[in-house]
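Quick notes on the structure that follows.
Here the structure is a predicted model, which means the values were calculated and not measured.
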Amino acid sequence: MASVTPDWIDRKLYPFRHGTRDVAGHRLHYVDEGDGPTLLLLHGNPTWSFVWRNVIARLAGEFRFVAPDLPGFGLSEAPAGFDGRPVSLAAVIEQFVVDLDLTDVVLVAQDWGGPIGLRVAERRPDRFTGLVLGNTWAWPVTGDRHFARFSALMGGPVGRWWIRHANLCVNLMIPAGHRRRSLTRDEMRHYRAALATPERRQASAVLPREIVHSAPFLADVESDLPLLRDKPALLLWADRDIAFRRTELDRWRRELPDATVVELAGAGHYLQSDAPAEFADALRTWHRAVTGARGASGAATD
């Protein structure tokens, strides 16, 4: 696994084994850290694998974490002309899963990582054994004013200009997505450096518009959710999210009626960074319960 470590990365904050891989014309950077059952971590906008660091640090002795940066985010590179739409991102991540031959995987996803990762799991259900979803969605939101207003504001010409030229998503959304704690100057430096130029911010500028305009992709994700209902699921939900409300949590309860639900009181949108200890503890407890139940079932059958 070829290593890539820009000078601006603080190895105390981001001490993990990582490298790059060529996937479908993209240069994907990813973390591959720890030993044990494989967890595929997928981030949203405008973060990268750095957002998972405190969860990884807590559980690397128990799990193998594979955390790619989506094309155009973090340390990954996308080819010229890549449209950055969710359907395209999902295709790249699907190929990444195949190329690394990841099997018996638990998907752990938040924000845009949710529909992107779920689409991969729906297309490759034999490779996935469980779902851990945190403050995300998997259905069209056209007509919902809560999402439509944000998509129009941030995804319109003015919003895209501010994202590209003032790094608006990083400077505004990441601090607003932390409610329990304030990010340090060094943490913010890592988010800003990953999207340091207008060209690097193109992917971040595309996704707000796609909240509404990728309705066909989201409809496909929604329609195939029944393919995943037999897989154990954990819903981790921050109740002070600026994006996803109890409305979305209630929808998830209907979509995955057998899922375990853990609410993180007072946490914000980036719950894996805002409440990493509780996130890690809930994941560990759920995974032990799931694997224990499987073992008991297997013993009874033999």
What's the shortest heavy-atom distance between Ala196 and Arg201, and which atoms?
O-NH2, 3.0 Å
Which heavy atom of Ala138 sits nearest to which heavy atom of Val221, and what is that distance?
CB-CG1, 3.8 Å
Answer yes or no: is there an ion pair linking Arg245 with Asp144, defined by an N-O contact shorter than 4.0 Å?
yes
Run the ring-centre check on Phe73 versus His43 and record whether the distance is less than 6.0 Å.
yes
Distance-only polar pair, side chains of Thr103 and Arg127, donor-acceptor under 3.5 Å:
no
Of all the heavy-atom pairs spanning Asn135 and Trp237, show the shortest one and how long it is.
OD1-CA, 3.2 Å
Stepwise, does the side chain to side chain donor-acceptor pair (under 3.5 Å) test hold for Glu77 with His29?
CA-CA 8 Å; Glu77 298 177 7; His29 168 265; over 6 Å; no
Establish, yes or no, whether a centroid distance under 6.0 Å links the rings of Tyr30 and Trp48.
no
Taking only residues two or more places apart in sequence, or in another chain, which ones meet Gln95 in a side-chain contact (heavy atoms from CB on, under 4.5 Å)?
Val23, Val98, Asp99
Salt bridge or not between Glu222 and Arg254? Use side-chain N to carboxylate O under 4.0 Å.
no
For Arg180, what residues pass the salt bridge (charged side-chain N to carboxylate O under 4.0 Å, His left out) criterion, not counting sequence neighbours?
Glu278
So which atom in Ser204 and which in Asn45 form the shortest heavy-atom distance, rounded to 0.1 Å?
OG-OD1, 2.9 Å
Does this structure show an ion pair linking Arg251 with Glu248, if we count only N-O contacts that are shorter than 4.0 Å?
no
Do the ring planes of His190 and Phe50 sit parallel (below 30°), tilted (30 to 60°) or perpendicular (above 60°)?
parallel
Of all the heavy-atom pairs spanning Leu271 and Gln110, show the shortest one and how long it is.
CD2-CG, 3.7 Å
How about Ser273 and Arg181: does a side-chain donor come under 3.5 Å of a side-chain acceptor?
yes
Under 3.5 Å side-chain donor-acceptor pair for Asp241 and His269
yes
Minimum heavy-atom separation for Val132 to Leu236, with atom names?
CG1-CD1, 3.9 Å
Can you list everything that forms a side-chain contact (heavy atoms from CB on, under 4.5 Å) with Arg240? Sequence neighbours excluded, please.
Arg179
Set of residues satisfying salt bridge (charged side-chain N to carboxylate O under 4.0 Å, His left out) with respect to Asp281, sequence neighbours excluded
Arg284
Mind checking salt bridge (charged side-chain N to carboxylate O under 4.0 Å, His left out) for Arg164 and listing every partner two or more places apart, or none if nothing turns up?
none
Just jot down the salt bridge (charged side-chain N to carboxylate O under 4.0 Å, His left out) partners of Asp104, sequence neighbours excluded, or say none.
none
Pair Asp239 + Arg246: basic N to acidic O under 4.0 Å
no
Aromatic ring centroids of Phe147 and Phe244 under 6.0 Å?
yes
